[in-house]
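We use all heavy atoms of the structure for the numbers below, so side chains are in, but hydrogens, waters and symmetry mates are not.
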Amino acid sequence: MLKIEEALQVINDQQIELSTEIRKLSDSLGFAVSSEIRAPFDMPAFDNSAMDGYALCGISKEYQIIGEVAAGDAEELDLREGEAVRIFTGARVPAAASAVMMQEKTRVEGEKLFLDELPKEGQSIRRKGGELQKEQLVFDKGYTITPAGISMIGALGMDQVEVFKKPIINLITTGNELVQPGKAKGEGQIYESNSFAISAAAENFGFPVHKKHSLPDDFEQIKTGISEALEQADILLLSGGISVGDYDFVKQALEENGVEQQFYKVFQKPGKPLYFGRKANKFVFALPGNPASSLSCFYIYVLPFLQQFSGFQQKGLPKFQFPLKEPYYNRSDRPSFLKAKIENDEVRILDGQASSMILSMAHANALAFIDAETNLQIGDLITCYLIG
Ligand code: AMP
Ligand code: MG
């Protein structure tokens, strides 16, 4: 059985052939750029005004107003010492201007401009190249495009961008007892919720699930289901049937489909029977069926892999340390990811940690990592993975 770090290392060490595509700027949110982006020109491209006010030539408190420049005007005004022009935010500042004074600190009488205070050299002028110089690095390869990133790329004049493709993800749930929500539930049956949870979590991080199937605990059907899914998908996620029960057929069905096991079982709680396999450039995670285990394994193992497959620099859930609000004893003999709530910069371990329970996870905003058989006191620093 692997330790958590070893399992994560196996995942991280996979050699993956990444592929790229060109996307419209408006459809590029959450994709990672596939090569570095450099500024094609200086930004700003010309000296411009940071204020609505007056561009001034020379440092004084009185000027003669000789004209006006609005945003977008291309004409170059010739300013001489003691002269000023009315100017607006973003408008090109005349080359000879020493400063811009905001209009709130000025008074106009006819063609005469009076300032409340002396301007400082360069004041309220946004200089050419002040943010970026031509050829300067804007984004490294693997930068994941945020809304502000879209603004930046647009400001560079690009209406499309080359990014790493995201994987096609298929999801199969297994279990004779499972009934889809909305349908009538018979004796001994439960509602299938893992597929909704996993799809939602994946989607939340920008990885939509392409296709979902729910299969009974039938070896042949699971084998065929895996074979069909692998024809289409880059990444196949399975839920349930990976434990040691007589009806747990997933592992053998994967083997018979030529999937090579990379690891099976991780020394952790929840999620011990986690499986990771590979067939050529296709990858399989078989997640334990218990709802909290499957979601926990998704966050800790599947998410960073989806990001790796998509060329992201940043991988995994955001991780921070918070002081414990109430004492906690982890009686498990395995390191644990516990459902926890961060509030007012403190973290509290929630009640109801059994793998079969999802209520505590639905109220949690973090998974707190706590070592096996550890007794923790108020104020002890805990590593928390943010889930919401
Ligand atoms: P398994 O890993 O198949 O042994 O399932 C472990 C537990 O998780 C059992 O109690 C199952 O009923 C439950 N379970 C399995 N799959 C799902 C699912 N898709 N939604 C909700 N519960 C599930
Ligand atoms: Mg099962």
Side-chain angles (χ1 to χ4, degrees), residues 2-9 11-12 30 144 146 193-207 209 237 239 266-274 285 287-308 312-388:
L2 264 63
K3 290 191 191 138
I4 295 164
E5 317 80 74
E6 292 168 338
L8 287 169
Q9 196 62 50
I11 292 173
N12 190 61
T144 307
T146 62
S193 60
N194 286 354
S195 72
F196 296 92
I198 303 297
S199 308
E203 178 112 29
N204 214 5
F205 284 92
F207 299 100
V209 169
L237 307 179
S239 134
V266 181
F267 193 63
Q268 63 178 357
K269 195 177 175 194
K272 190 169 80 170
L274 175 66
F285 286 91
L287 309 169
N290 273 311
S293 312
S294 71
L295 201 48
S296 187
C297 286
F298 174 85
Y299 282 128
I300 303 297
Y301 300 93
V302 182
L303 174 65
F305 186 71
L306 298 180
Q307 294 168 324
Q308 186 179 334
F312 287 24
Q313 270 168 3
Q314 292 289 329
K315 294 188 267 283
L317 292 173
K319 184 167 106 174
F320 297 97
Q321 293 213 312
F322 284 95
L324 198 59
K325 189 177 181 191
E326 294 162 1
Y328 189 84
Y329 176 57
N330 183 20
R331 64 188 49 143
S332 171
D333 64 343
R334 284 172 270 152
S336 308
F337 293 100
L338 298 168
K339 277 68 82 180
K341 183 107 190 203
I342 299 164
E343 260 168 345
N344 302 323
D345 294 330
E346 288 179 312
V347 63
R348 186 165 51 91
I349 310 300
L350 300 178
D351 289 337
Q353 293 289 338
S355 313
S356 55
M357 296 179 177
I358 199 65
L359 178 65
S360 61
M361 202 159 186
H363 285 290
N365 56 12
L367 293 175
F369 178 77
I370 299 191
D371 241 325
E373 287 158 0
T374 304
N375 207 358
L376 293 166
Q377 307 304 325
I378 294 175
D380 284 352
L381 284 180
I382 308 297
T383 301
C384 297
Y385 296 82
L386 305 193
I387 58 171

>> Just by distance, no angles: are the side chains of N290 and S355 close enough, under 3.5 Å, to form a donor-acceptor pair?
In response: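 No donor-acceptor contact under 3.5 Å links the two side chains.
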Looking only at atom types and distance, does a side-chain atom of [X] sit under 3.5 Å from a main-chain N or O of [Y], one as donor and one as acceptor?
{"X": "E203", "Y": "V209", "value": "no"}
{"X": "N365", "Y": "I342", "value": "yes"}
{"X": "Q308", "Y": "I11", "value": "yes"}
{"X": "S294", "Y": "L287", "value": "no"}
{"X": "N330", "Y": "D371", "value": "yes"}
{"X": "S336", "Y": "R334", "value": "yes"}
{"X": "T374", "Y": "A372", "value": "yes"}

So which heavy atom on [X] is nearest to which on [Y], and how close?
{"X": "G271", "Y": "P288", "answer": "CA-CG, 3.8 Å"}
{"X": "L367", "Y": "M361", "answer": "CD2-CE, 4.1 Å"}
{"X": "G352", "Y": "K339", "answer": "O-CE, 4.4 Å"}
{"X": "S239", "Y": "N194", "answer": "OG-ND2, 3.1 Å"}
{"X": "Q353", "Y": "Y328", "answer": "CG-OH, 4.3 Å"}
{"X": "S332", "Y": "K269", "answer": "OG-CD, 3.5 Å"}

>> Does Q314, at its CD atom, have more than 12 non-hydrogen atoms belonging to other residues, nucleotides or ligands within less than 6.0 Å?
In response: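 No.
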> More than 12 non-hydrogen atoms from neighbouring residues, nucleotides or ligands closer than 6.0 Å to CG on N375, yes or no?
Replying inline: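 Atom CG in N375 is crowded, with more than 12 foreign heavy atoms closer than 6.0 Å.
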> Do you know which of Y299, F305, Y301 makes ring-ring contact (aromatic ring centres under 6.0 Å, His included) with F285?
Replying inline: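 When ring-ring contact (aromatic ring centres under 6.0 Å, His included) is applied between F285 and each of Y299, F305, Y301, only F305 qualifies.
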> Hey, mind stepping through I382 and L338 against side-chain contact (heavy atoms from CB on, under 4.5 Å) and telling me if it holds?
Replying inline: CA-CA 11 Å; I382 308 297; L338 298 168; over 6 Å; no
Roughly how far apart are [X] [atom1] and [Y] [atom2], rounded to 0.5 Å?
{"X": "K319", "Y": "Y385", "atom1": "NZ", "atom2": "OH", "result": "4.0 Å"}
{"X": "S193", "Y": "I198", "atom1": "OG", "atom2": "CD1", "result": "9.5 Å"}
{"X": "D333", "Y": "F267", "atom1": "CG", "atom2": "CZ", "result": "5.0 Å"}
{"X": "F298", "Y": "F205", "atom1": "CZ", "atom2": "CZ", "result": "7.5 Å"}
{"X": "L381", "Y": "F320", "atom1": "CG", "atom2": "CZ", "result": "14.0 Å"}
{"X": "L237", "Y": "L306", "atom1": "CG", "atom2": "CG", "result": "7.0 Å"}

>> Run V347 and L324 through side-chain contact (heavy atoms from CB on, under 4.5 Å) and show every step you take.
In response: CA-CA 5 Å; V347 63; L324 198 59; 4.1 Å; yes
>> Would T144 and Q307 count as a side-chain contact (heavy atoms from CB on, under 4.5 Å) here? Give the steps.
In response: CA-CA 10 Å; T144 307; Q307 294 168 324; over 6 Å; no
